[in-house]
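Just so you know, residue 1 is the first one in the sequence shown, and it goes up from there. Being a predicted model, the structure only gives us computed values, none of them experimental.
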Amino acid sequence: MTLHNTLTTHIQKAVLELFNISIEKFEFQATRKEFEGDITMVVFPLVKELKGNPIEIGNQIGNYLVANVNEVAKFNVVGGFLNIVISDAFYVEFFNTIKNNETFGFVAPKEGEKAVMVEYSSPNTNKPLHLGHIRNNLLGYSVAEIIKASGKKVYKTQIINDRGIHICKSMLAWQKFGNGQTPESTGLKGDKLVGNFYVEFDKQYKKEISELIAQGKTEDEAKKLAPSILEAQQMLLDWENGKPEVIELWKTMNQWVYDGFEQTYKNLGVNFNIPNYYESNTYLLGKEVVQFGLEKGIFEKDPDGSVWIDLTADGLDRKIVLRSDGTAVYMTQDIGTAIQRVKDFPDVGGMVYTVGNEQDYHFKVLFLILKKLGFDWADSLYHLSYGMVELPSGKMKSREGTVVDADDLMAEMTTTAQTISEELGKLDGYSEDEKAVLFKTIGIGALKYYMLKVDPKKQMMFNPEESVDFAGNTGPFIQYTYARIQSILRKADFDTSISISGLELHEKEKELIKQVQLFPEVIQNAAANHSPALVANYAYDLVKEFNSFYQQVSILGEENHDKKVFRVQLSKSFGNTIKNAFQLLGIEVPERM
């Protein structure tokens with residue numbers, strides 16, 4: 001039972017005995033640093049029901065707790081706040097129950113409970129992954145791991161946007177300018193090769209627009225009449241009609257991209273535990289559903305043949321779900337994908353879509369359409385909306401080839417970690433292979449932590465060098481503290497398995513146990529809020545607390561054997577909590593640094 005639950009039970013009894021009133025819930029918070037206490041009950045909400053002075057009420061409840069509850073050592077009342085001092089015995093007993101539990105805070109899924117499907121990455125097959133995809137992947141993967149740790153079965157998936165006009169642009173440019181190039185012949189990763197042709201298409205398209213404007217066309221007219229865009233539109237129609245040579249080229253170039261993506265995912269340390277979904281499959285189901293919706297009067301057809309849904313009565317607007325030429329739009333595909341997923345995995349009770357905040361409106365519309373189509377699970381859909389990532393140089397544009405490539409960024413992070421580690425000069429005894437692994441662990445860990453410590457909803461500026469700082473709220477700082485703990489454990493050449501009780505705790509020991517005690521609550525809050533930032537910043541609070549303990553309390557130099565054993569055990573448990581918190585963020589921790 002948690003401290004909150006224990007105190008709630010006893011305070012309920014106190015209020016019943018003292019005031020003859022039953023109250024179910026009480027408000028607790030951490031005691032402010034300037035006052036003595038471990039946990040504070042806020043008295044103000046009780047004043048109206050108990051009809052008394054908040055200080056008097058606090059003193060009455062405090063006296064009852066000291067007299068009747070072993071866990072409560074003493075108390076003080078400041079204004080309307082009852083500051084409760086918890087006994088050392090409670091903390092020692094609690095620690096002994098969790099010290100050997102390597103997954104403390106994690107909850108196993110309950111039999112028969114609905115699963116959650118988390119979608120992330122979901123790239124287009126016309127370009128490599130970039131900085132924005134990195135934030136997407138890290139958020140989605142971490143949220144999936146946190147939800148799993150909170151006690152849910154989780155499916156991790158992506159929808160590959162493998163069809164549409166943007167894909168045809170790359171294909172067309174390869175046909176015109178590729179001269180038969182392949183990843184093998186160029187030595188390029190397949191996703192990078194295809195991305196180059198997407199940029200090439202845009203250059204040609206812009207050139208044609210300029211020429212048409214020079215001939216007297218308006219910019220809008222030029223964009224519609226440029227030969228390249230007309231050819232790409234025809235290629236899309238040919239694809240949807242199954243033209244063999246178009247389908248063959250599409251399959252070949254997409255496979256190049258898939259192979260490239262897999263390599264990037266592996267380097268980034270993210271994965272998926274069910275097969276990918278492909279827009280080329282699910283858009284057909286979406287088109288079927290649109291037909292069903294037309295028959296039911298949910299959708300309406302315009303004179304030009306396009307199909308729409310009118311959501312003005314719901315505070316939104318009209319949204320197209322099928323073009324006049326019969327081709328699908330993103331909404332068509334997303335409707336089909338959602339329905340297909342529930343068909344494939346009937347135990348899914350909710351879905352999390354990790355997509356940037358520029359799509360906020362899209363998902364409002366999607367969820368409402370699915371609800372109007374009669375799917376009760378539509379109420380359990382969640383858009384994990386996140387802010388864009390920018391660099392000091394500004395925004396990225398895929399068409400112009402100005403994006404920050406994900407592979408290049410990861411390589412740069414590893415190199416930066418190497419440079420800083422070598423400057424610090426703490427690599428004696430490492431082989432070259434061990435150094436390479438360490439540099440990657442630090443570099444990629446720095447990248448992940450910097451991305452995940454920021455609230456997902458916030459736009460962020462990414463500074464690679466700042467992220468690899470070995471001090472402050474960074475991944476390497478937390479990794480270094482973990483490695484320091486492992487060093488202590490390696491030096492402990494005595495039996496640390498014995499159970500210690502009856503200790504009088506140092507204030508810093510108590511603070512460590514209180515921090516570890518928070519971990520289950522942090523996981524549940526992070527899962528409920530879909531926020532890895534809560535876990536990341538908890539990890540930072542952990543290491544700040546440990547470093548304060550390390551500086552003020554002797555561990556291996558302690559003369560009292562029981563205290564020394566207890567402090568090593570405490571260090572081990574603390575290190576394990578850091579490791580588990582970082583595991584939820586997808587970050588590895590090195591045994592030494």
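Atom CG of Asn5 is separated from atom CZ of Phe28 by 9.0 Å, given to the nearest 0.5 angstrom. Atoms CD and NZ, on Glu422 and Lys435 in that order, are 6.5 Å from each other to the nearest 0.5 Å. Expressed to the nearest 0.5 Å, how far CG of Leu65 lies from CD of Glu71 amounts to 10.0 Å. To the nearest 0.5 Å, the span separating OG on Ser142 from NE2 on His530 amounts to 12.0 Å.
Checking Gln515 against Glu511 by side-chain atom types alone, no donor-acceptor pair falls below 3.5 Å. Looking only at atom types and distance, the side chain of Tyr155 has a donor-acceptor partner in the side chain of Asp347 under 3.5 Å away. A side-chain N or O of Tyr482 and one of Glu591 form a donor-acceptor pair less than 3.5 Å apart. Looking only at atom types and distance, the side chain of Tyr265 has a donor-acceptor partner in the side chain of Ser121 under 3.5 Å away. A donor-acceptor pair shorter than 3.5 Å cannot be found between the side chains of Ser467 and Asp469. With 3.5 Å as the limit, one finds no donor-acceptor pair spanning the side chains of Tyr450 and Asn463. Between the side chains of Tyr258 and Asn276, no donor N or O sits under 3.5 Å from an acceptor N or O. No hydrogens or angles considered: a donor-acceptor pair under 3.5 Å links the side chains of Asp360 and Ser385.
Using a 4.5 Å heavy-atom cutoff, the side chains of Leu268 and Tyr141 are not in contact. With a 4.5 Å cut-off on side-chain heavy atoms, Asn59 and Ile55 count as touching. Between Met413 and Val468 the shortest side-chain heavy-atom distance falls below 4.5 Å. Side chains of Val404 and His130 form no contact here, defined as non-hydrogen atoms less than 4.5 Å apart. Under the 4.5 Å side-chain criterion, counting only non-hydrogen atoms from C-beta, Lys13 is in contact with Tyr64. Looking at heavy atoms from C-beta onward, Tyr120 lies out of side-chain contact with Leu139 at the 4.5 angstrom threshold. Between Glu521 and Tyr538 the shortest side-chain heavy-atom distance does not fall below 4.5 Å. The side-chain heavy atoms of Leu50 and Ile23, taken from C-beta on, include a pair separated by under 4.5 Å.
Every residue meeting the salt bridge (Lys or Arg N to Asp or Glu O under 4.0 Å) condition with Arg567, not counting sequence neighbours, appears here in chain and number order: Glu509, Glu558.
Under a cut-off of 6.0 angstrom, the local environment of CD in Gln524 is crowded, with over 12 non-hydrogen atoms contributed by other residues, nucleotides or ligands. Within 6.0 Å of the CD atom in Glu465, the count of heavy atoms belonging to other residues, nucleotides or ligands does not exceed 12. Environment of CD in Glu34: crowded, with over 12 heavy atoms of neighbouring residues, nucleotides or ligands closer than 6.0 Å. In Gln29, the CD atom is crowded: over 12 heavy atoms of neighbouring residues, nucleotides or ligands sit closer than 6.0 Å. For Lys458, the NZ atom sits in a loose shell: 12 or fewer heavy atoms of surrounding residues, nucleotides or ligands are nearer than 6.0 Å. The local environment of CD in Gln552 is crowded, with over 12 non-hydrogen atoms from other residues, nucleotides or ligands closer than 6.0 Å. Around atom CD of Glu93, no more than 12 heavy atoms belonging to other residues, nucleotides or ligands sit under 6.0 Å away. Sparse packing is recorded around CG of Asn20, with 12 or fewer heavy atoms of other residues, nucleotides or ligands lying under 6.0 Å away.
Taking both residues in full, the closest heavy atoms of Gly443 and Ala417 are given as N-CB, 3.6 Å, listed atom of the first, atom of the second, then distance. Across all non-hydrogen atoms, the minimal contact from Lys453 to Asn473 is NZ-O, 2.8 Å. Closest heavy-atom contact between Thr264 and Leu129: CG2-CD1, 3.7 Å. Counting all heavy atoms, side chain and backbone alike, Val118 lies closest to Gly140 at CG1-O, 3.6 Å. Minimum heavy-atom separation, Gly475 to Tyr449: N-CD2, 3.3 Å. Across Val535 and Ala581, no two heavy atoms sit closer than the pair CG1-O, 3.5 Å.
Checked for salt-bridge contact, Lys148 and Glu145 meet the test: a charged N lies under 4.0 Å from a carboxylate O. Between Glu113 and Lys152 there is a salt bridge, since a side-chain N of the basic residue sits under 4.0 Å from a carboxylate O of the acidic one.
A centroid separation of less than 6.0 Å is found between the aromatic rings of Phe44 and Phe81. Ring-centre distance between Phe367 and Tyr353: below the 6.0 Å cut-off. No close placement of the Phe104 and Phe519 rings is indicated, their centers lying 6.0 Å or farther apart. Aromatic rings from Phe546 and Phe549 are positioned such that their centres are separated by under 6.0 Å.
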Side chain to side chain contact (heavy atoms under 4.5 Å, CB included) assessment of Trp377 paired with Val348: CA-CA 9 Å; Trp377 43 261; Val348 166; over 6 Å; no
CA sep, side-chain torsions, deciding dist, call: Ile478, Ile587, side chain to side chain contact (heavy atoms under 4.5 Å, CB included): CA-CA 11 Å; Ile478 296 170; Ile587 303 175; over 6 Å; no
Chi angles and distances behind the side chain to side chain donor-acceptor pair (under 3.5 Å) call for Thr354, Asn136: CA-CA 6 Å; Thr354 311; Asn136 181 299; 5.2 Å; no
Evaluation steps, side chain to side chain contact (heavy atoms under 4.5 Å, CB included), between Ile513 and Phe90: CA-CA 10 Å; Ile513 296 171; Phe90 169 81; over 6 Å; no
Tyr91/Leu3 under side chain to side chain contact (heavy atoms under 4.5 Å, CB included): CA gap, chis, key distance, verdict: CA-CA 10 Å; Tyr91 286 111; Leu3 182 59; 4.2 Å; yes
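In summary, of the residues considered (Lys156, Arg341, Gln158), a side-chain hydrogen bond (donor to acceptor under 3.5 Å, both in side chains) with Glu119 occurs for Arg341 alone.
The backbone N or O of Leu505 sits less than 3.5 Å from a side-chain atom of Asp88, completing a donor-acceptor pair.
Identified under the side-chain hydrogen bond (donor to acceptor under 3.5 Å, both in side chains) test for residues 573-587, with sequence neighbours left out: none.
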